[in-house]
2 protein chains.
Amino acid sequence: MMVRRRKNLTLREIAELAGTSKSTVSRVLTNHSSVSPETRARVQKVIEERGYQPNFFARGLAGGPTGLVAVLVPEINSGFYAEVLRGMDDVASKNMAHLLTSIAHGADDLFDLWRSFCREGRADGVVVVAPPRAFFRKGIRKLELPAVLCAARPPEGAQRWQAVDSVTVDNEKGFTALLHHLVQIGCRSFIHVAGPQDVFDGQERRNAFEKFMEAHVNLSGQVIEAGFNPEDGLHAAESYLERSDVVPDAFVCFNDSTAYGVLESLRRRKLEAGRDVMVTGCDDEPAAQSLGLTSLRMPMREMGRECSRLLLERIRVRNREIPPRNIVFGLELQIRSSSLGHRRNRW
Amino acid sequence: MMVRRRKNLTLREIAELAGTSKSTVSRVLTNHSSVSPETRARVQKVIEERGYQPNFFARGLAGGPTGLVAVLVPEINSGFYAEVLRGMDDVASKNMAHLLTSIAHGADDLFDLWRSFCREGRADGVVVVAPPRAFFRKGIRKLELPAVLCAARPPEGAQRWQAVDSVTVDNEKGFTALLHHLVQIGCRSFIHVAGPQDVFDGQERRNAFEKFMEAHVNLSGQVIEAGFNPEDGLHAAESYLERSDVVPDAFVCFNDSTAYGVLESLRRRKLEAGRDVMVTGCDDEPAAQSLGLTSLRMPMREMGRECSRLLLERIRVRNREIPPRNIVFGLELQIRSSSLGHRRNRW
DNA sequence: CTGAAAGCGCTTACAG
DNA sequence: CTGAAAGCGCTTACAG
């Protein structure tokens with residue numbers, strides 16, 4: 001029969017049951033070395049039996065680890081951060097950690113959140129998801145808390161941030177593979193529907209596009225600025241198509257969402273994606289498959305998992321130095337009907 | 001010039017600055033009545049000037065409010081809970097509250113999370129998003145924490161849960177309007193691609209469908225069971241179309257995701273949605289528009305906001321009784337090309 | 001209306 | 001290796 005109880009046990013009670021003192025129980029809890037194997041085993045047995053979980057307010061107050069991991073996300077594609085959160089929770093929950101989620105409105109808000117978490121020490125560590133460049137400009141005197149960047153790397157100038165871990169994707173490799181594929185099926189003229197340029201992925205993808213175009217003089221490439229929503233893609237495509245007399249061979253979009261907008265714009269002009277013009281996205285959201293949209297798979301959940309792993313490791317070793325790490329995931333090309341057609345080469 | 005400081009101030013310091021005692025400062029913080037207007041004003045001034053924020057570990061430990069709101073979500077459509085989270089954070093952050101997010105794997109896990117939050121009192125309140133029926137079966141002796149259900153209402157039998165607030169949508173009204181629209185454009189035979197039946201919306205939408213069919217004897221309706229993912233929709237449609245010799249006039253899907261799968265299945269058979277057969281979803285995800293999918297707009301963010309509002313109100317009044325509330329949002333019909341065609345009536 | 005004091009459940013020097 | 005004790009920063013009876 002289960003032991004039922006209204007309240008959690010306390011350290012004191014565990015100590016009594018194990019015939020030792022609070023201090024010792026605390027030491028086994030915090031993995032302190034100086035506990036004899038026998039006492040440790042005895043205490044651990046009681047802890048297991050009674051399903052004891054330390055009160056995290058008391059822990060936090062006394063200066064111990066709190067089991068809280070803060071996640072700061074800006075207002076981005078909700079499908080993206082939802083998956084990152086899920087990945088983070090996957091490994092956090094296995095390590096008795098909980099996610100403290102905050103959604104920022106703009107770079108300033110994001111920075112305020114960051115600072116308040118650092119000052120107050122509410123969490124053991126922080127993951128910042130896809131921060132805009134402006135986030136790094138504000139000086140942070142010192143990194144008081146273990147931190148990991150998700151889908152971003154600290155920019156060159158940001159001295160203080162260089163020591164931070166990051167989890168990113170290889171945008172250049174991914175976009176290069178994608179462009180090669182498009183060239184292979186006959187595309188020669190490209191429009192890159194660029195994402196926000198103050199965000200890491202937006203910038204890297206554009207760079208990859210431009211680099212590819214520079215390296216292939218027989219191709220023509222142009223960049224039009226959009227954003228990250230379908231509406232942004234729609235507006236960008238509309239205004240481009242309105243003032244242009246030729247349709248490019250391919251629209252290479254920053255992400256799936258902007259590609260949706262481009263598809264809409266094409267539909268209005270009775271142009272068929274995959275036949276009259278190729279269209280590609282990035283992220284590989286669930287809907288991309290239904291739309292037959294060629295895309296690059298962004299391993300969001302895996303990225304979230306990795307963020308938690310890196311952060312928890314740093315938390316576990318406390319202040320001991322770990323050199324900064326950058327984990328890079330690949331973007332897997334998913335070819336679908338929106339880039340399957342064989343358009344005749346007009347060049 | 002800003003006052004810079006590494007650490008937060010403490011109650012004691014505020015008290016000294018305001019020339020009073022910790023107790024009194026604490027009383028103004030907790031909105032206790034028995035403080036003279038003058039002292040209150042003096043204390044509040046100091047608090048504002050120094051930007052004091054109480055340490056929430058100390059608060060939690062001492063039994064005060066912690067400013068933490070727990071959100072428990074099962075493994076559902078990530079776009080859905082992402083938006084709910086955002087809505088919740090919108091109003092929570094304005095009230096100095098933070099979201100403690102946990103993602104459950106299955107009903108048991110969800111219940112375990114629930115219980116652990118109740119036992120440990122980590123949060124001031126809990127929002128449970130779209131819990132499956134099984135969640136309610138487990139006996140909870142007493143609701144120790146203010147709670148709100150999102151996209152669910154407690155089932156009849158669950159005594160203990162009747163007192164809980166809930167935020168839902170009017171599935172019956174929404175689906176009735178949708179079906180009327182389909183009838184109007186000539187549909188007579190319907191397939192409902194049903195969602196999970198252990199989830200509130202899944203059940204209500206199916207009920208609405210069946211009720212409508214019973215009320216209109218000239219229509220034929222059939223239910224096929226799916227789930228909530230594109231793959232579920234695909235499999236359901238595939239297995240139906242394989243063994244059936246007639247194509248229905250319309251597929252009425254539980255949500256957009258399952259509709260994506262149905263669309264895929266139709267595409268494989270060279271059937272065009274909106275011409276050969278109508279297809280509808282529910283949720284109105286961003287991609288639905290690009291797909292030209294008729295849908296019902298689920299006001300996810302608004303629902304999240306309302307959840308926070310209800311919960312924070314309960315938290316604020318402490319134990320004082322508030323009768324249980326059920327906030328019901330409407331589902332707005334978005335007619336798109338997947339249900340625009342005029343199919344000839346075969347009846 | 002106000003203050004001194006106890007207590008919430010931990011962690012961590014400190015002394016053995 | 002172990003325990004008694006101080007302290008983290010609050011809230012809340014309790015006594016005025």
Side-chain angles (χ1 to χ4, degrees), chain A residues 5-44 46-47 50 52-68 96 119-122 124 315-316 318-319, chain B residues 5-44 46-47 50 52-68 96 119-122 124 315-316 318-319:
Chain A
R5 50 179 59 262
R6 170 159 310 286
K7 265 180 64 65
N8 243 325
L9 290 166
T10 68
L11 251 202
R12 153 191 298 287
E13 297 175 284
I14 298 293
E16 279 169 11
L17 289 167
T20 179
S21 72
K22 283 169 28 176
S23 320
T24 302
V25 176
S26 176
R27 282 192 195 98
V28 351
L29 243 32
T30 53
N31 270 317
H32 241 274
S33 52
S34 56
V35 180
S36 78
E38 303 84 57
T39 358
R40 181 182 296 277
R42 200 150 30 92
V43 171
Q44 231 136 21
V46 178
I47 289 177
R50 323 297 290 224
Y52 166 73
Q53 291 197 330
N55 176 309
F56 89 153
F57 293 116
R59 277 201 136 160
L61 185 57
T66 63
L68 289 184
M96 310 292 284
R119 274 207 337 195
E120 297 172 36
R122 295 193 177 185
D124 298 335
I315 292 169
R316 203 164 293 129
R318 304 245 178 148
N319 298 323
Chain B
R5 52 179 57 263
R6 172 157 309 283
K7 265 184 61 81
N8 244 326
L9 291 164
T10 68
L11 250 201
R12 155 190 297 287
E13 298 175 283
I14 297 292
E16 279 169 11
L17 289 166
T20 180
S21 72
K22 284 169 27 178
S23 318
T24 302
V25 176
S26 177
R27 283 193 194 97
V28 351
L29 243 32
T30 51
N31 269 318
H32 239 273
S33 53
S34 55
V35 181
S36 78
E38 301 84 57
T39 357
R40 181 184 295 277
R42 200 152 27 92
V43 171
Q44 230 136 21
V46 177
I47 288 177
R50 323 298 289 225
Y52 166 73
Q53 292 198 327
N55 176 310
F56 89 151
F57 293 116
R59 276 202 137 162
L61 185 56
T66 63
L68 289 183
M96 310 292 283
R119 274 208 336 196
E120 298 172 36
R122 297 194 175 183
D124 298 336
I315 291 169
R316 204 164 291 129
R318 304 244 178 151
N319 299 322

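Lettering of chains follows the sequences in order, A, B, ..., and the numbering in each one begins at 1. We use all heavy atoms of the structure for the numbers below, so side chains are in, but hydrogens, waters and symmetry mates are not.
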Peer 1: Within the 3.5 Å criterion, strictly below it, is a donor on B:Thr24 or B:Ser21 matched to an acceptor on the partner's side chain?
Peer 2: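 Side-chain D/A pair, B:Thr24 to B:Ser21: present.
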
Peer 1: Quick one: closest heavy-atom pair of B:Leu9 and B:Tyr52, and the distance?
Peer 2: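 Of all heavy-atom pairs spanning B:Leu9 and B:Tyr52, the closest is O-CE1, 3.4 Å.
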
Peer 1: Would you say C:dG3 has OP1 or OP2 under 4.0 Å from some side-chain N or O of B:Thr20?
Peer 2: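 Answer is yes, contact under 4.0 Å.
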
Peer 1: Nearest whole Å is fine: how far is C:dT12 C1' from A:Asn31 CG?
Peer 2: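 Taking atom C1' of C:dT12 as the reference, CG of A:Asn31 is at 16 Å.
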
Peer 1: Considering only heavy atoms from C-beta outward, does the side chain of A:Thr30 approach that of A:Arg59 to under 4.5 Å?
Peer 2: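 Touching, per the 4.5 Å side-chain cut-off.
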
Peer 1: Which value, rounded to the nearest 0.5 Å, describes the distance between A:Leu29 atom CG and A:Lys22 atom NZ?
Peer 2: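 It is 13.0 Å, given to the nearest 0.5 Å.
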
Peer 1: Counting distance only, does the side-chain N/O of B:Asp124 pair as donor-acceptor with the main-chain N or O of B:Thr66 below 3.5 Å?
Peer 2: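 Yes, the answer is positive, given that a donor and an acceptor are paired below the 3.5 Å cut-off.
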
Peer 1: How close or far is atom P of D:dT11 from atom NE2 of B:His32, stated in whole angstroms?
Peer 2: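 Atom-to-atom, B:His32 to D:dT11, this comes out as 10 Å.
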
Peer 1: Taking CZ from A:Phe57 and C1' from C:dT11, how many angstroms apart are they, rounded to a whole number?
Peer 2: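 Value for this atom pair: 17 Å.
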
Peer 1: Do B:Ser23 and C:dA4 have a side chain to base donor-acceptor pair shorter than 3.5 Å?
Peer 2: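 Yes, the side chain and the base share a sub-3.5 Å donor-acceptor pair.
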
Peer 1: Would you kindly check if the NZ (Lys) or CZ (Arg) of A:Arg122 is within the cone defined by 45 degrees around the ring axis of B:Phe56 and under 6.0 Å from the six-membered ring centre?
Peer 2: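 That pair qualifies as a cation-pi contact.
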
Peer 1: Suppose you measure atom C1' in C:dT12 against the same atom in C:dG16; what distance do you get, rounded to whole Å?
Peer 2: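 Result for the C1' pair: 16 Å, nearest Å.
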
Peer 1: B:Leu11 has an atom CG; how far is it from atom P of C:dA5, in whole Å?
Peer 2: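 The answer, rounded to whole Å, is 17 Å.
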
Peer 1: Nearest whole Å is fine: how far is D:dC10 P from B:Glu13 CD?
Peer 2: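 Rounding to the nearest Å, CD of B:Glu13 and P of D:dC10 are 9 Å apart.
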
Peer 1: In terms of the nearest nucleotide of DNA chain D, which residue is placed more toward the 5' end: A:Lys22 or A:Pro37?
Peer 2: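 Upstream on the strand: A:Pro37.
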
Peer 1: Treating A:Arg27 as the side-chain partner and A:His32 as the backbone partner, does any N or O pair qualify as donor plus acceptor under 3.5 Å?
Peer 2: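 Pair absent, no side-chain N/O of A:Arg27 close to backbone of A:His32.
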
Peer 1: Once you round it to whole Å, what is the distance between P of C:dG9 and OH of A:Tyr52?
Peer 2: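 Rounded to whole Å, this separation is 10 Å.
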
Peer 1: Nearest to the A:Ser26 side chain among C:dT12, D:dA13, D:dG9, which nucleotide is it?
Peer 2: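 Looking only at side-chain atoms, A:Ser26 lies closest to C:dT12.
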
Peer 1: Nearest to the side chain of B:Asn55, heavy atoms from C-beta on, is which of C:dG3, D:dT11, D:dG9?
Peer 2: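 Shortest atom-to-atom distance from the side chain points to D:dG9.
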
Peer 1: Please report the C-alpha distance between B:Thr10 and B:Glu13 in whole Å, then the side-chain angles of each, then the deciding distance to 0.1 Å, and finally whether the side-chain contact (heavy atoms from CB on, under 4.5 Å) criterion is met.
Peer 2: CA-CA 5 Å; B:Thr10 68; B:Glu13 298 175 283; 3.4 Å; yes

Peer 1: Using whole Å, what does the distance between atom C1' of nucleotide C:dG9 and atom CZ of B:Arg122 come to?
Peer 2: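 Taking atom C1' of C:dG9 as the reference, CZ of B:Arg122 is at 14 Å.
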
Peer 1: For DNA chain C, which ranges pair as stems of 3 or more consecutive Watson-Crick or G-U pairs, with both donor-acceptor distances under 3.5 Å?
Peer 2: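 Consecutive-pair runs (3 or more) involving DNA chain C: C:1-3 with D:14-16, C:5-12 with D:5-12, C:14-16 with D:1-3.
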
Peer 1: Roughly how many Å is it from CG in B:Leu61 to P in C:dG9, rounded to a whole number?
Peer 2: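 Taking CG of B:Leu61 and P of C:dG9, I get 7 Å after rounding.
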
Peer 1: How is B:Ser34 classified with respect to the nucleic acid when contacts are heavy atoms under 4.0 Å: base, sugar-phosphate, or nothing?
Peer 2: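 If one applies the 4.0 Å heavy-atom cut-off, B:Ser34 turns out to touch a base.
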
Peer 1: Say you pick atom P in C:dA13 and the same atom in C:dG9; how far apart are they, in whole Å?
Peer 2: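 Approximately 23 Å lies between the P atom of C:dA13 and that of C:dG9.
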
Peer 1: Counting only side-chain heavy atoms from C-beta out, which of D:dC14, C:dC10, C:dC8 sits nearest to B:Arg27?
Peer 2: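 Selected nucleotide: D:dC14.
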
Peer 1: With heavy atoms under 4.0 Å as the rule, sort B:Thr24 into base, sugar-phosphate or nothing.
Peer 2: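 If one applies the 4.0 Å heavy-atom cut-off, B:Thr24 turns out to touch the sugar-phosphate alone, with no base involved.
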
Peer 1: Of B:Thr39 and A:Arg59, whose nearest nucleotide on DNA chain C comes first from the 5' end?
Peer 2: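 Final value for this comparison: B:Thr39.
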
Peer 1: Can a side chain N or O of B:Ser36 be found less than 4.0 Å away from OP1 or OP2 on C:dC1?
Peer 2: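 No, outside the criterion.
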
